Amino acid sequence: MKFDQSKQWFERACKVIPGGINSNVRAISEPFPLFYARAKDAHLWDIDGNEYIDYVLGQGPMLLGHTPAVVLEAIRKQLDLGLVYAGQTEAEVRAAELMVKHIPCAEMVRFNNSGSEAVHAALRLARSATNRKKIIRFEGHYHGWFDNIAWNPMRPGVELGPRETPVLRPSSKGQPIEDAANLIVCPWNDAEVVEQCFATRGDEIAGVICDPFANACGIIPAEKSFLENLQQLCTRHGAVLIFDEVITGFRLGPGGAQAYYGVTPDLATYAKALGAGLCVSALAGKASLMSLFGELSTVHSGTYNSNPVAMAGTLAALELLLAEDGAELAKANRAGKHLWDGLAELSHELGVPITFRGVPAEFSTTFLPEDAQPLTDMRSALQADAALLKRFWSSLHHEGVQMTAFGIWFLSTTHTEKDIEKTLIAARRVLSRIMEPDPIPR
Ligand SMILES: Cc1ncc(COP(=O)(O)O)c(C=O)c1O
């Protein structure tokens, strides 16, 4: 593969755009941040003409593939009618109605533009409703980049402190320690520690936020009993349970993680698949909480919230995703199962130890030592062989297959049998040489 055009543009970009990128996560790119020309269904083309089978899918949003006809048609129609009105459109009501119909906790919905904003709205609401300050979050979970929640990320080689009471670690320089004053960080999947927090500080705790699949640690799904415990503790102590479904929303089915687990939170955040690639997010939840925004004293605002173009596309995406109880999603799950099974067979045949977690439409591959402890939280995820994952990810890239650098494979409804077969051929080539001590020749 040649990357000459991307290289030229990257050098040009670096002069006017810090790091040449507009989201720091894109710095983790192979062989450097590339420039793209187009995308269709499950395929991406960079500006040098290299083609990739895409399992990154824009870091998750493109569940319907890159060019879903119904979404594009809806956006095109709206483009001629105006971009932002500072007013309402029918599409936002219809989209909210669909969410209310399919998501267990959703009695009302508010729209934003990004997952980080939806999380921000959820925390604001939890604090407003309870008149308390503290939020329990879990080590290694990612809830966006805002100062008051972006703490204790998954990062190898740093001081973690005691498991029950981790040292507070900002995800970035420039985050004052005061911004974590109202956070309590707990280990994932450990109900006893959370129970202890409620026992000692229950009357200070406004809410608990978690990503039910803990996507930032590879994937570490919640144990069902753990989520049930969180729900009971929140109910008993009058705190708000928030599921961050920015990734799990619509990927685990029309009702997301809450339907998958059968545990209904008070509030839930959505983005990514919700807008099929458009800038849109949502906070959904119980009317008793959500209606506080309607009383106006609890502020939620944004110039671009529910902008007509995003809402037209979102409505079209939801209509497709939620029809016939999520029949469309079955395509992504079928393709994902084919890929998961194929990779598992290769791992067995070639003697490369890979652990799989998640659901077929969204699963992670982790390289674990034979004597590894079970993966239940961020600290156990640190046992994974990061160097081997990096080699797998970068080698696949040069074979024309993109998976996320964190070991997650996102499937779309447009991945074909042929795409999966090609991916497995590439994976066989990579895995058969991955354990060799020398760097893989390119
Ligand atoms: C679980 C989760 N929550 C929140 C966010 C933040 O969303 P955004 O990048 O749209 O601000 C992300 C982004 O990856 C996420 O994975």
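In listed order, ligands and their atoms are each counted from 1. Just so it is clear, the model here is predicted, and its values are computed rather than measured. Just so you know, these numbers use all the heavy atoms, side chains as well, and skip hydrogens, waters and symmetry mates.
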Decide if the gap between the ring center of W45 and the ring center of Y52 is smaller than 6.0 angstrom.
->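 Centroid distance W45-Y52: not below 6.0 Å, so no.
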Considering only non-hydrogen protein atoms, determine which one is nearest to atom 16 (O) of ligand 1 and report residue, atom name and distance to 0.1 Å.
->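 Answer for atom 16 (O) of ligand 1: I247 CD1, 3.3 Å.
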Which residue holds the protein heavy atom closest to atom 7 (O) of ligand 1, what is that atom called, and what is the gap in Å?
->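 The answer is G115 CA, 3.3 Å.
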F363 and ring-ring contact (aromatic ring centres under 6.0 Å, His included): which partner among F410, W340, F213?
->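 For F363, the ring-ring contact (aromatic ring centres under 6.0 Å, His included) check succeeds only for W340.
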Where's the contact between [X] and ligand 1, heavy-atom distance under 4.0 Å: side chain, backbone, both or neither?
{"X": "Y142", "answer": "both"}
{"X": "K272", "answer": "side chain"}
{"X": "A271", "answer": "neither"}

Under 4.0 Å between a side-chain nitrogen and a carboxylate oxygen: does that hold for [X] and [Y]?
{"X": "K101", "Y": "E97", "value": "no"}
{"X": "K15", "Y": "E11", "value": "no"}
{"X": "E73", "Y": "R76", "value": "no"}

Show which atoms of ligand 1 fall inside a sub-4.0 Å distance from at least one heavy-atom site of G144.
->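 Here the atoms of ligand 1 in question are 4 (C), 5 (C), 6 (C).
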Report yes if some N/O of D244 lies less than 3.5 Å from some N/O of ligand 1; otherwise report no.
->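 For ligand 1, there is an N or O atom that lies under 3.5 Å from one belonging to D244.
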Has ligand 1 got any nitrogen or oxygen that is less than 3.5 angstrom from a nitrogen or oxygen of S116?
->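 In this structure, S116 places an N or O atom under 3.5 Å from an N or O of ligand 1.
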Take every heavy atom of Q59, measure it against each atom of ligand 1, and state whether any distance is under 4.0 Å.
->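 For ligand 1, residue contact (heavy atoms, under 4.0 Å) with Q59 is absent.
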Is_contact(atom 9 (O) of ligand 1), protein non-hydrogen, under 4.0 Å |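 No; the ligand atom in question lacks any protein heavy-atom contact below 4.0 Å.
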